[in-house]
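What follows is a set of notes on a single structure, which appears directly below.
Scope of the values below: all heavy atoms of this structure, side chains included, with no hydrogens, waters or symmetry mates.
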Amino acid sequence: MWKTGLLLLFWGLLTSSEFQQEATEPEPRNQPPSGKLDFGYVPQGVYKTLAYYEPGVIGILFHMVHAFLYVVQPNPFPEDLVVKVAKDKFGAIQSEYQKAIYYETGFMVCAVLGLLFMVLLPLVGLFFCLCRCCENCGGEMHQRQRKNADCQRGLLTTLLFATSLIITAGVLCAYAANQNLSSQLEGMKRLVSSNLKDLQTFANETPTQIDYLIAQYATAKYTVISDLDNVGPLLGGNIHVELGTEVRPALDGVLRMAGAMRETKEALENVSVSLEVLQEATGKLHFNLSLVRSSLNRTLNDPGCSDEDSDATTAQLCRSIRSSLAQLQVSANFTRLPDVNNQLESVNQVLKTGLSDIIQKGFSSFNDTPGMVSDQMRNVVEGARGMLDVISTNISSFSKVFPVHSSLANFTNFISHTQSKIEDSYPEIDQIDFYRWICCIGLCCMVVLILAFNFLAILCGTMGYDKHASPTTRGCVSNTGGTLLMAGVGFSFLFSWILMGVVTATFLVGGNVEKLVCEPFHTKELFKVLDTPHLVNPEWRNFIPGYMYNDSDLDLTVESFYSNCKNNRSLYSAMRLDKVFNVTTLLNSSLYTKEVAKMFDSVKIDLRGIVLLESEGKQSLIDFSETGVAEINYAAYLEEVNKGVTQVDLLSYTNELEAQTDLMPKGPLQTSLKGHANSLRQIHSQLVIPMEQAMKYVRARSTLNQSIRLLERTASDLPNKITDVLKTIEAAQYLISQNATHVVIQETEKYKQTIVGYFRQYIEWVRTSLTMEVAACKPFSNIVDTVEIVACSFLVDSLNTFWFGLGCCALFLLPSIILSVKLAKFYRRMDTEDVYDDIETIPMKTMEIGNNGYHNECLQGIQNPVMTSIPAYDTMTRFPRASAPPRHIDW
């Protein structure tokens, strides 16, 4: 039953019974055209169990016990032996007993010593009692006196006190372990409750996480719908960009040529206007200079200029002036330049065709590529939207196939029932723990009773010691101390074998559990044993997949499952459910990614409706090359523009003319020449200076210069330029009409991969979420860790510490018995005492007679017949036993 429920739980990682598409799908929202989808974060439950135990101060005792166990059992974990025993169901012990004995040597030696202790100590106690009853083994109430009696007494007291302290430490260690086990019972309850709550959280959160995974299909769906609705800007835009690398330069070339037409028209108009202005000014200047030159020539024909006999200087000056008259000419004669009216008229005729508007139509037609693609993809888009609806229905129908929620509800009920049963057993557990605590306290009380006798005896013996008293006259307090010591010895014989029996039994159990279970668990050697191939079933390589999936070759081990859950991986990943039902394959078959791809494979996009340049535009370009712009004599224009206004500086010429005139004698000739000089000066100021400095003429010359140069550049190789532009536009048109199929297929494939990529992102996200986040199996590893904490840290460590302390007490009871028996002689009141005849050997010879228990030769002035009549060799009669009651009747 539980196996079926667990499998249904695993299927729940892929399905959900409460998923309703209309209710859970988010509203459509504007998505970016393409890119990485954001599916958000899978809701995670919070597991509260902290499977970690820190023992605190008592941990020091735990480490001491572990060190002792390592000394007892330093051998490594017998993995091979355990595997053989497990496979043969303990039949291998008969053949492998030597290995088992070798491994258990330390435990066996300690166990044998414990058994010997249990058997021999009661027998020794029995014989000791019988021996003392016969006044042997220290039972004789007589103490021989020695010089070092005080030293022996002090040494025995110190050793017994030290031994008692060690026993006290041992009983405290046992008591601490006993109390720790009881106190950790509440911690165990908290851990169990926390683990069960985590299992409930796991069962409750898993359906929510699965519903979230399924609901996030809407994110991919609406992103695909957004891209389908924007197929024009996306697919058509990409086609437009790719074709634009060839088309746009061609259209830009035509557009530049249209601009060149407008510039040519403007330049021709500027040339025409500037030429009229300059021709008008040059004509006036030429006319005035001609008049002055004619007048000067007539004046120089005066007879006074030719009579060299009467005035040679004047004649020479006249010849000089006459020879310079040729310089009075206009330098830049713009009247000789031809006009450009014919070219301007031709250009105006070309511009009437509206080449710019034709080019804009070509741009508009090409820029309408996204619209054309959108129109031609309408049927594909509608089919894809219908398929998305089918996919949504398929995904939402998963929950109807598998009753996951009912299985998880049963699992939750099972957890609640288990928790209630465990909580109901708590009173019984508490009662059992109370009985256990009472038993352990009883064992500790046995040791405490013996310690009480020891410490009270030492106290009484020390406080009641009187150095003046003889063994027969010791006080009652000292005698009580000795009696307590012997009582402690008696109880030691009665209790020690019981203590050692408990220690031996708990040592064998707790020590072996620590070495064979707890320690291998920490080193993960225990997992290696559990993961041994064919351990559970000879036909199963790995028993978990062999039992769960009937596929034992699947790489799923106990250690891998525990490690994955320890790292809070998902149950899907930890249990290798991808080998049983692959979510990628399941979603691929459900999302129809292949069918969606096939829909785009059949796309046919026709771009032959795009016309880049109409025939009128082509004819306009051809007519522009025939406007005659290239036939203009640009060199003549530039030559005249670069010339000055006159050939000679009129002002300098006028000044020189006046200087020459001043050398002539006064008369009509001089007066006439000065009048001509004044005329030249007026021409310079009224005509030349304005042509050189007036804005009208300066601007006209500059405009003429710039326009001529612009026209020269434009007209340079104009027919070839237009031919190249026409070839480029024809090539671009041919690319769109005939060779655009490759670009269309390439961009359609990219668009298809983008659409399918959304589904793949969703599938990959679901797979990753199932592997890393959904149904995180941390509670299962926490259960194992909790069992280890409760079994090893709470129970076994406390048990081992208990027997460690109790064993220490039992062992040190042996020296306590010996020391107590010897020390009791120094505390108890004796029946007889030693009597000496040599006064020099009496240690208390300075004391009063009778106080020290010894007799002198004379007693109250009377001869002592005993001391004088006893032979020296008769030791039995030399040291007679005499009753010597204490003198002090106040005791």
Review point. What residues, two or more places apart in sequence or in another chain, satisfy side chain to side chain contact (heavy atoms under 4.5 Å, CB included) together with Leu735?
Key: Leu243, Glu246, Asn739
Check your understanding: Do Ile358 and Val254 have side-chain heavy atoms sitting under 4.5 Å apart?
Key -> no
Review point. Can you tell me if Gln761 uses its side chain to pair, donor with acceptor, with the backbone of Leu37 under 3.5 Å?
Key: yes
Exercise for review: Check whether any side-chain heavy atom of Arg760 sits under 4.5 Å from a side-chain heavy atom of Gln753, and report yes or no.
Suggested key: yes
Point to revise | Sole residue of Leu213, Leu770, Val766, Thr768 in side chain to side chain contact (heavy atoms under 4.5 Å, CB included) with Val42 | key: Leu213
Check your understanding: Side chains of Ser769 and Gln216: closer than 4.5 Å at any heavy-atom pair?
Key -> no
Review point. How are the rings of Phe39 and Tyr762 set relative to one another: parallel (under 30°), tilted (30 to 60°) or perpendicular (over 60°)?
Key: tilted
Practice item. With Thr748 as reference, evaluate Val380, Val373, Val743, Leu235 under the side chain to side chain contact (heavy atoms under 4.5 Å, CB included) test and give the passing residue. Key: Leu235
Practice item. Would you confirm whether Thr728, through its side chain, and Asp724, through its main-chain N or O, come within 3.5 Å as a donor-acceptor pair? Key: yes
Review point. So how far is it from Ile632 CD1 to Leu268 CG, rounded to the nearest 0.5 Å?
Key: 5.5 Å
Review point. Going by heavy atoms in the side chains, are Gln619 and Asp623 under 4.5 Å from each other?
Key: yes
Review point. Do Phe363 and Arg248 touch side chain to side chain, with heavy atoms closer than 4.5 Å?
Key: yes
Review point. Sequence neighbours excluded, which residues qualify as side chain to side chain contact (heavy atoms under 4.5 Å, CB included) partners of Asn348?
Key: Lys265, Leu344
Review point. What residues form a side chain to side chain contact (heavy atoms under 4.5 Å, CB included) with Gln706, not counting sequence neighbours?
Key: Ser702
Study note, to complete from the structure: Closest heavy-atom pair, Gly617 versus Leu613, reported as atoms and distance to 0.1 Å, is CA-CD1, 4.1 Å
Check your understanding: Are side-chain heavy atoms of Tyr751 and Asp227 found at a separation under 4.5 Å?
Key -> yes
Review point. For Lys361, does the NZ atom sit with more than 12 other heavy atoms under 6.0 Å from it, leaving out its own atoms?
Key: no
Review point. So do Gln360 and Leu255 actually touch side chain to side chain, heavy atoms under 4.5 Å?
Key: yes
Check your understanding: Hey, which of Asp252, Ile736, Thr369 is the one that makes side chain to side chain contact (heavy atoms under 4.5 Å, CB included) with Val247?
Key -> Ile736
Point to revise | NZ/NE/NH1/NH2 to OD/OE distance under 4.0 Å, Glu730 and Lys727 | key: no
Exercise for review: Give a yes or no answer on whether the side chain of Ser374 reaches the backbone of Pro370 with a donor-acceptor pair at less than 3.5 Å.
Suggested key: no
